[in-house]
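Notes for the one structure printed next.
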Amino acid sequence: MTNTSGTTGDAESKPRTFVLASRASKLAQIQTNIVLDALRAAFPSLSFDTSFMSTEGDKNQSQALYLLGGKALWTKELEVALKEKTVDILVHSLKDVPTVLPDGCEIGAILEREDPVDSLVVKQGLPYRRLEDLPAGSVVGTSSVRRVAQLRRAFPGLQFMDVRGNLNTRLAKLDAADGPFTALILAKAGLVRLGLGDRITDDLHAPVLYHAVSQGALALEIRTDDSQIRELCEALTHRETQLRCLAERAMLRKLEGGCSVPVGVTTSLTHEESGPDGLKQSLLHITGCVTSIDGSLHVQGALAETVQNPEEAEQLGTRLATILIDNGAGGILEDISRDREKRASEAKEKE
């Protein structure tokens, strides 16, 4: 049993304070405090503290995410602090975490998930409630090519425009009297955690819109060699969320997609029961899709299998990704990669 007394094992050592770190945004701080409260409730005798910092993704608010690259934008600076042992636990929105972590780092816990769907938020004062209500030519703001790619298929009359900034900044841009936006599409989980759930006018469920991989879930990243922290994190892991998110992340890893790739997913876990060997098993459903940026090409597939552990959940997600690739998703992703490289090069030339 790992020592969780808060010391390094020497009775005369100063008790260890475990430092949780995350981005400096208001939402990241709220999410970190959710984890902090959970750890303090589970381990009342231990000492915890927090640290917040800005990442490259926070600092660059002008360039489209599609051109900025992978998810390390949100995690790299934090991971440097983790590996240098100035902090002990990183609190992430799991959808922002690369599917391949740096050497020496691992996911220590995945907490119970908020509703992972995307939601529509209409400009204050307008009567519309759903995407179907918006007049042709309405401008919908989102920084996600996944959302744009999927929604262009069902709503070809709408226009989509990139919008960056934290949630409050984006909402201010939406509500500005002279602003171009009729509505925004945002992750429901972030709005709820910020106490802004009343701004939601409609939830966009599959098959209208498949959500991002791991959307709505919080994850704790730790050092691989810190067994004491790993034991603390295990107390916070939510099994259903863990299995669903690991299957989703394994699918994305096989597809080699970053945060700017239009990969959508939905999962569910049902029929939890004990297997022949006495271990808990569940039926895990996963549906994944890859859509071209203009919405003209769409590859979708689904699998459902009984799983008992994280490894089996990941295997299921990987098998679905293979099916998607075999059915044409690989070609879509190659086209997207070439398009991004071209547009990034053009943007550099303009600068």
Side-chain angles (χ1 to χ4, degrees), residues 70-72 74-75 79 90 92-114 116 146 206 210-224 229-231 233-259 261-290 299-327 329-330 333:
K71 301 186 179 194
W74 312 113
T75 60
E79 287 167 341
L90 304 183
H92 298 301
S93 292
L94 186 52
K95 72 180 181 64
D96 294 333
V97 179
T99 55
V100 178
L101 298 179
D103 291 340
C105 298
E106 64 181 57
I107 299 297
I110 300 177
L111 282 69
E112 185 172 4
R113 192 179 208 172
E114 286 278 0
R146 168 188 56 83
Y210 288 87
H211 61 73
V213 165
S214 303
Q215 188 158 294
L218 299 182
L220 307 184
E221 185 177 358
I222 64 173
R223 291 182 294 274
T224 301
I229 291 291
R230 183 182 296 110
E231 185 172 333
C233 289
E234 286 173 355
L236 303 190
T237 293
H238 184 254
R239 181 177 182 272
E240 176 182 342
T241 302
Q242 179 191 46
L243 294 176
R244 291 173 59 190
C245 286
L246 289 180
E248 295 172 15
R249 283 172 58 79
M251 181 193 74
L252 184 60
R253 186 183 303 118
K254 178 69 174 179
L255 292 170
E256 297 183 340
C259 63
V261 173
V263 174
V265 71
T266 186
T267 52
S268 63
L269 203 69
T270 57
H271 308 311
E272 190 167 89
E273 58 186 24
S274 294
D277 53 5
L279 295 176
K280 189 180 294 185
Q281 63 182 19
S282 305
L283 183 62
L284 177 57
H285 301 254
I286 179 169
T287 301
C289 65
V290 179
V299 177
Q300 183 171 314
L303 288 175
E305 292 182 8
T306 299
V307 299
Q308 290 187 330
N309 52 53
E311 293 74 22
E312 291 180 356
E314 291 184 322
Q315 290 166 9
L316 179 61
T318 300
R319 284 196 292 274
L320 178 57
T322 300
I323 291 172
L324 293 173
I325 291 170
D326 290 344
N327 288 339
L333 294 173

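Note that this is a predicted model, so its numbers are computed, not measured.
Rounding to the nearest 0.5 Å gives a distance of 8.5 Å between CD of E256 and OG1 of T99. Annotation: the span from L283 atom CG to S268 atom OG amounts to 7.5 Å, rounded to 0.5 Å. With rounding to the nearest 0.5 angstrom, the CG atom of L236 is 10.0 Å from the CD atom of E234. A distance of 6.0 Å separates CG in L333 from CG in L255, rounded to the nearest 0.5 Å. In this structure, E248 CD and T287 OG1 are separated by 10.5 Å, a value rounded to the nearest 0.5 Å. We find the CG-CG distance between L269 and L243 to be 6.0 Å, quoted to the nearest 0.5 Å.
With contacts defined as side-chain heavy-atom distances shorter than 4.5 Å, the pair V265/H211 qualifies. At least one side-chain heavy atom of P102 sits less than 4.5 Å from a side-chain heavy atom of E221.
Sorted by first and then second residue, the pairs that involve residues 299-313 and meet salt bridge (Lys or Arg N to Asp or Glu O under 4.0 Å), not counting sequence neighbours, are E305-R319.
The two residues A247 and L284 come nearest to each other via the heavy atoms CB-CD2, 3.8 Å. Residues Y210 and R146 approach most closely at O-NH1, 2.8 Å, considering heavy atoms. Among all heavy-atom pairs drawn from C233 and L220, the shortest one is SG-CD1, 3.9 Å. Residues L320 and A302 share a closest heavy-atom pair of CD1-N, 3.6 Å. Nearest heavy-atom pair across T241 and A217 is CG2-CB, 4.0 Å. Heavy atoms only, all atoms of each residue included: M251 and V213 are closest at CE-CG2, 4.2 Å.
With S214 contributing its side chain and K95 its backbone, the two residues share no donor-acceptor pair below 3.5 Å. Remark: the backbone N or O of T224 is paired with a side-chain donor or acceptor of R230 at under 3.5 angstrom. Listed for the Q242 side chain is no donor-acceptor partner under 3.5 Å among the backbone atoms of I110. Listed for the R113 side chain is no donor-acceptor partner under 3.5 Å among the backbone atoms of E240. Checked by atom type and distance alone, the side chain of R223 never pairs as donor or acceptor with a backbone atom of I229 at under 3.5 Å.
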Side chain to side chain donor-acceptor pair (under 3.5 Å) between R244 and T267, intermediate numbers included: CA-CA 6 Å; R244 291 173 59 190; T267 52; 3.0 Å; yes

